[in-house]
Structures are given as structure tokens and as C-alpha cells.
Amino acid sequence: MSEANAVSSKLPAFWADNVETWFAQAEAEFTLRGITADSTKYSHVVAALTGDAATTAEELIINPPDTNKYQAIKDFLVGAYGLTESERAERLLHMEDLGTRKPSQLMSRILHLYGKNQHNFLVRHIFIRALPDELRQALANSTEEDLHKLAKEADRLAPLVRSRSLRADAAAVDAVRRSTGKQRTLCFYHSRFGARAKKCVKPCDWQPGNDRTSSQ
């Protein structure tokens, strides 16, 4: 089939909630129809975009690159609508029950969510999720994929994060004590941990919202 005849092919409307599968189907259609020209594949994708997706990819539609147009818009849309590793991990960890599906259908869903990752992103996510909030935030931008090296990075950051937290707690406690112009009585837990205290023993003048005093 010639390229001229192939352009009669029509793709289904873009699936924003399953972008990888949509592109897999689009490429199967291109193969069946003998569509190989970069600009033709690009045009088919653009024609199949919904209003929201077209707005999202507006810059690539109005000003496409001179070459590799199809790959450019594919990479952009997968990046815009595809699941992040964190989102994949959360869905895997909270996988719905089998329900009325066949076990093989459930496995297909699991493998789809896992994707083609070469490293164990699920273990990475479980590890980071188990860390204290402050340390998790400190590792938020880490790109380390080796799990042992990631753990060593967390070991290195932990004392720094802990020291920062203690200074913040001390500042919050000091702000509470100075807030009324007189010495206030704080229990052991609020005196040491401030807003992060898990319990309180009376007498204690700490009130809900005191942690916000230090940030004002």
C-alpha cells in the first residue's frame, strides 16, 4: 500500500488516561496501513487529539520541529499524561481486588502499571515512603536508581535533616514562650519537640496552632 493511500487511516480519539496503550495501538495501525513518513504519523496524532490534549501540546502543534515530529509529540504526550514512577507504585500498592476479572486480566493490569522499567522502582518507593517526612522531602529530587546507594544517601542526609528539625523545634518553642510577654509553662514533650510532640502532660501552655506562631 502506498503512502498516499495510507493517509485514509483514522486513529481513535486520544486516550489521556492510557497514553502508552494509545500510542501502541496507533503504531500498530501505522504498520498495518504502511504509514512510515514522519510527517504523516505526526499529522494523524495531531488529528486524533482531544481539545484538552491539543491545548496541552499547543506549542508542538503550532511550531513542530523540522525533523522527528512524530517522536517529539509522542515523547511530549507520554511525559504529560503518562504515570510517574511514584504514581505507578501507589497504584500497584493499592491494587484493587480481582472482582469479576480473570486472574490473567489482573496480571495484565499489574504488568501495564509496572511498565518497562529496568530498575525496581516499587522497592524504591516503598523505602522512601517509610522514611520520616523531612527525610522524604530531602530525597524528593534524588535520581539515584541503585537502591544501596540511595540508602547511603539517606544515611548521609539523616543527621542534617534531624539537626534542622531540632533547630526548628527550638525556634517554635522559643516563639511560644515569648508570645505573651511572660514565661509560659511547657511540658517535657512540647518543650523538646514543639509541634511534633506526640503527647502532652499537664501543666502545659501549648495550644493548637502554636507551631504557626514561629512562622509568622
Side-chain angles (χ1 to χ4, degrees), residues 1-96 105 108-129 131 133-147 149-150 153-154 157:
M1 181 178 293
S2 68
E3 190 76 21
N5 294 330
V7 296
S8 62
S9 176
K10 181 176 176 62
L11 299 180
F14 180 70
W15 304 340
D17 59 345
N18 200 347
V19 61
E20 292 95 342
T21 302
W22 186 85
F23 270 106
Q25 181 167 307
E27 289 170 3
E29 180 74 5
F30 294 154
T31 299
L32 287 173
R33 302 293 181 181
I35 298 174
T36 58
D38 175 63
S39 60
T40 304
K41 292 193 288 185
Y42 165 84
S43 295
H44 276 299
V45 171
V46 172
L49 295 182
T50 58
D52 287 345
T55 299
T56 300
E58 181 177 13
E59 182 61 29
L60 270 175
I61 295 173
I62 295 175
N63 297 302
D66 294 331
T67 59
N68 296 320
K69 294 181 178 68
Y70 171 72
Q71 193 62 48
I73 199 163
K74 177 183 177 180
D75 290 346
F76 177 83
L77 291 169
V78 169
Y81 292 101
L83 295 175
T84 65
E85 288 189 350
S86 178
E87 290 169 336
R88 290 178 187 274
E90 282 294 333
R91 294 194 185 188
L92 284 167
L93 290 171
H94 297 90
M95 178 65 62
E96 63 274 13
Q105 291 175 314
S108 294
R109 176 61 175 161
I110 291 172
L111 293 177
H112 169 72
L113 287 172
Y114 200 84
K116 299 179 180 179
N117 297 277
Q118 299 300 310
H119 64 284
N120 201 332
F121 75 97
L122 184 57
V123 173
R124 185 182 194 276
H125 182 76
I126 292 171
F127 170 72
I128 291 180
R129 194 171 67 162
L131 298 174
D133 288 344
E134 297 89 347
L135 188 51
R136 187 162 58 245
Q137 292 169 8
L139 285 172
N141 295 322
S142 175
T143 58
E144 182 57 67
E145 296 181 359
D146 184 291
L147 298 180
K149 291 181 179 179
L150 181 66
E153 185 176 349
L157 289 172

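Bear in mind that the values here come from a model prediction, so they are computed numbers and not experimental data. Reckoned from all heavy atoms, side chains included, excluding hydrogens, waters and symmetry mates.
Put simply, the side chain of Leu77 reaches to within 4.5 Å of the side chain of Val45, judged on heavy atoms. No side-chain heavy atom of Val46 sits under 4.5 Å from any side-chain heavy atom of Pro64. Within the 4.5 Å cutoff, no side-chain heavy atoms of Asp17 are placed close to those of Tyr81. Looking at heavy atoms from C-beta onward, Phe30 lies out of side-chain contact with Thr36 at the 4.5 angstrom threshold. The side-chain heavy atoms of Leu157 and Leu135, taken from C-beta on, include a pair separated by under 4.5 Å.
Salt-bridge annotation for Lys74 and Glu27: present, with a side-chain N of the basic residue lying under 4.0 Å from a carboxylate O of the acidic one.
At a cut-off of 3.5 Å, with distance as the only test, no side-chain donor of Thr40 or Tyr70 sits close to an acceptor on the other residue. Using modelled atom types and a 3.5 Å distance limit, the side chains of Gln137 and Asp133 yield no donor-acceptor pair. Defined by atom type and a distance below 3.5 Å, a donor-acceptor pair is missing between the side-chain atoms of Asp52 and Thr55.
Glu144 is linked by a side-chain contact (heavy atoms from CB on, under 4.5 Å) to Ser142, Asp146, Lys149, Leu150, Glu153, counting only residues two or more places apart in sequence or in another chain. Legend: residues meeting side-chain contact (heavy atoms from CB on, under 4.5 Å) with Ala24, ordered by chain and number and at least two apart, are absent.
Lys41 NZ to Arg33 CZ: the interatomic distance, rounded to the nearest 0.5 Å, is 16.0 Å. Asn63 CG to Glu58 CD: the interatomic distance, rounded to the nearest 0.5 Å, is 9.5 Å. Summarising the geometry, atom CG belonging to Asn68 is positioned 11.5 Å from atom OG belonging to Ser39; distances are rounded to the nearest 0.5 Å. Here the CG-CG distance, from Leu60 to Asp75, works out to 9.5 Å after rounding to the nearest 0.5 Å.
Closest approach of Ala154 to Leu139, counting heavy atoms only: CB-CD1, 3.8 Å. Between Trp22 and Ala48, the shortest heavy-atom distance links the atoms CZ2-CB, 3.6 Å. Nearest heavy atoms, Ile61 versus Tyr42: CA-OH, 3.4 Å.
At distances below 3.5 Å, not a single donor-acceptor pair connects side-chain atoms of Trp15 with backbone N or O atoms of Phe23.
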